[in-house]
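Below, read A as the first sequence line, B as the second, and so on, with proteins coming before strands; counting in each chain starts at 1.
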There are 2 protein chains.
Amino acid sequence: MANKILIADDEPDILEILKYNLEAEGYEVITAKDGDEAIEQAKKHSPELIILDIMMPRKTGLEACNILRMMPAFRDTLIVFLTAMSDETTEIKGLETGADDYLTKPVSPKVLVSKINALFRRFNKEETGIIKVGDFEIDRQKYVVNHNEEEIILARKEFELLALLASKPGKVFLRNEILNQIWGTEVIVGDRTIDVHIRKIRQKLGVDCITTVKGVGYKFEL
Amino acid sequence: MANKILIADDEPDILEILKYNLEAEGYEVITAKDGDEAIEQAKKHSPELIILDIMMPRKTGLEACNILRMMPAFRDTLIVFLTAMSDETTEIKGLETGADDYLTKPVSPKVLVSKINALFRRFNKEETGIIKVGDFEIDRQKYVVNHNEEEIILARKEFELLALLASKPGKVFLRNEILNQIWGTEVIVGDRTIDVHIRKIRQKLGVDCITTVKGVGYKFEL
DNA sequence: TTTCTACTGCAAAGATGGTGCAATTTTATT
DNA sequence: AATAAAATTGCACCATCTTTGCAGTAGAAA
């Protein structure tokens, strides 16, 4: 599913150009024309990435970034500054505020798009609701798994199990870990239960991307 | 433990300046003066971040990046390009090759340091359970052993035994120590059992890197 | 040489996870 | 609310891989 990007800049032209290019790349774009609106829109849409112009009316990009970083919901959101300023001090301040990147205008839209793709490429593996591994796309929010454009329907436990394993591809999850993560410490289920769910997932996915590590646990691999 | 950074650039001055600034920031810095040396040093030191100049003799930064990204060991390593080129096409190519960022010279060392801090802050926050010795890479999380890019599959006890020995290369582990560490004090197994597992490991690894110290125990050596 | 020690091939014992079937619980539908 | 459907969990059996031990042998140390 499309990643959401919020762009805040007070120049309508720039907003337009970036929006056009990012949408062409498949992102869902939200815009804001000043710092306050940026924060408002961020709260409303929870974008995965926020691009902030530094020089904006009603709160600069730096201020907006600081405020957003205070809120738990945006602690891990990607934030990129975009500005005409080539002021080194500001740049450093921006990065120390907790931005992930810093771009100086004029930026070619193509370069910007590439950088953003690069950020998402790495970032998506870790914290977004959407996990992308190989041909798989696992959407935590929508409870949907896509494999090569085809939608696979999994039951809740199956989904959670797959999502857990796929959240760290390659990592071996111990049976205990799995039980705690998915069933919690309260409920007690037999060991066979995990097997059975693993079996169902393997059946439904068709491809065998869940490897058994005997005596240890399971892992997701391509 | 300090994060390791490998810098590859053919200009000694730049190498020197960056090294100085990054070391002042607490990083461990390794340098290389061309593409081939960069790959060599990367394999040797397994840095967490690699900074590659694009224009270098004996493999450009782009080529080096491509080669590194092919190897499982560097699939997730942070790679940043550094170059005088303001050529947009090259920049995009760099990012699509799988780089995480792109910096154009002249870069103020301070800005570079900030960016690198930002990258580490976000991506390197978790510790790796990876033991690296010579050509071997033992990943406790993934439960795999890599030797020269090849994956070796070990059974549980075999893996644990190897991991134990490799955790302190050169150290001789007494048979008793091994028994306590891997089997615990409860279970009682004969001495021969250790031998047999050692044998299996030797078989699977191909190379003989476990040395027998007669009458004492075993140690892992290159 | 003698005496330990560890390696080797073989094989049994043991543990582990896959499989089919079924009981039980939850959820959706009428 | 009643019924149907789906999801979840459990069990017993089986195939397979792991772990362990044995007996014989080769090699090093005394």
Exercise for review: For the helix from C/dT1-D/dA30 to C/dT30-D/dA1, measure the angle between the helix axis at one end and the axis at the other, each built from five pairs, rounding to 10°.
Suggested key: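 Computed angle between terminal axes is 40°.
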Review point. Can you name the residues that form a salt bridge (Lys or Arg N to Asp or Glu O under 4.0 Å) with B/K200, not counting sequence neighbours?
Key: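 None.
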Check your understanding: Considering residues at least two apart in sequence or located in another chain, which fulfil the salt bridge (Lys or Arg N to Asp or Glu O under 4.0 Å) criterion with B/K132?
Key ->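 Salt bridge (Lys or Arg N to Asp or Glu O under 4.0 Å) list for B/K132, sorted by chain: empty.
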For residues 215-222 of chain A, run the donor-acceptor check on the side chains, cut-off 3.5 Å, and write out each pair with its distance to 0.1 Å, sequence neighbours left out.
{"from": "A/Y218", "atom 1": "OH", "to": "A/D195", "atom 2": "OD1", "distance (Å)": "3.4"}
{"from": "A/K219", "atom 1": "NZ", "to": "B/K142", "atom 2": "O", "distance (Å)": "3.0"}
{"from": "A/E221", "atom 1": "OE1", "to": "A/T211", "atom 2": "OG1", "distance (Å)": "3.1"}

Practice item. Could you tell me the separation between the NZ atom of A/K157 and the P atom of C/dT24, rounded to a whole number of Å? Key: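 Rounded to whole Å, this separation is 19 Å.
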Review point. How close or far is atom C1' of C/dC7 from atom CG of B/D208, stated in whole angstroms?
Key: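 Going from B/D208 (CG) to C/dC7 (C1'), I get 12 Å.
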Check your understanding: Can B/E40 and B/K44 be counted as an ion pair, charged N to O under 4.0 angstrom?
Key ->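 The answer is no: the pair does not qualify as a salt bridge.
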Point to revise | Under the side chain to side chain donor-acceptor pair (under 3.5 Å) test, residues paired with A/T193 that sit two or more places apart | key: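 Listed in chain order: nothing, the list is empty.
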Listed partners of [X] passing side-chain contact (heavy atoms from CB on, under 4.5 Å), at least two apart:
X      : result
A/K214 : none
B/K171 : B/K168, B/F173, B/E177
A/K59  : A/D36, A/I39, A/E63, A/I67
A/E37  : A/A32, A/K33, A/D34, A/Q41

Review point. Along DNA chain D, 5' to 3', what are the outermost nucleotides having an atom less than 4.0 Å from a heavy atom of chain A?
Key: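 Contact boundaries, 5' end first: D/dA7 to D/dC17.
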Practice item. List in chain and number order the residues that pass ring pair (Phe, Tyr, Trp, His ring centres under 6.0 Å) with A/Y20, two or more places apart in sequence or in another chain; answer none if no residue qualifies. Key: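 With sequence neighbours excluded, A/Y20 shows a ring pair (Phe, Tyr, Trp, His ring centres under 6.0 Å) to no residue whatsoever.
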Distances for protein N/O vs nucleotides 17-22 of chain C N/O pairs under 3.5 angstrom?
{"from": "C/dG17", "atom 1": "OP1", "to": "A/R175", "atom 2": "NH1", "distance (Å)": "3.1"}
{"from": "C/dG17", "atom 1": "OP1", "to": "A/G215", "atom 2": "N", "distance (Å)": "3.3"}
{"from": "C/dG17", "atom 1": "OP2", "to": "A/R175", "atom 2": "NH1", "distance (Å)": "3.3"}
{"from": "C/dG17", "atom 1": "O5'", "to": "A/R175", "atom 2": "NH1", "distance (Å)": "3.4"}
{"from": "C/dG18", "atom 1": "OP1", "to": "A/R202", "atom 2": "NH1", "distance (Å)": "2.8"}
{"from": "C/dG18", "atom 1": "OP1", "to": "A/T212", "atom 2": "OG1", "distance (Å)": "2.7"}
{"from": "C/dG18", "atom 1": "OP2", "to": "A/Y218", "atom 2": "OH", "distance (Å)": "2.6"}
{"from": "C/dG20", "atom 1": "N7", "to": "A/R199", "atom 2": "NH1", "distance (Å)": "3.0"}
{"from": "C/dG20", "atom 1": "N7", "to": "A/R199", "atom 2": "NH2", "distance (Å)": "3.4"}
{"from": "C/dG20", "atom 1": "O6", "to": "A/R199", "atom 2": "NH2", "distance (Å)": "3.3"}

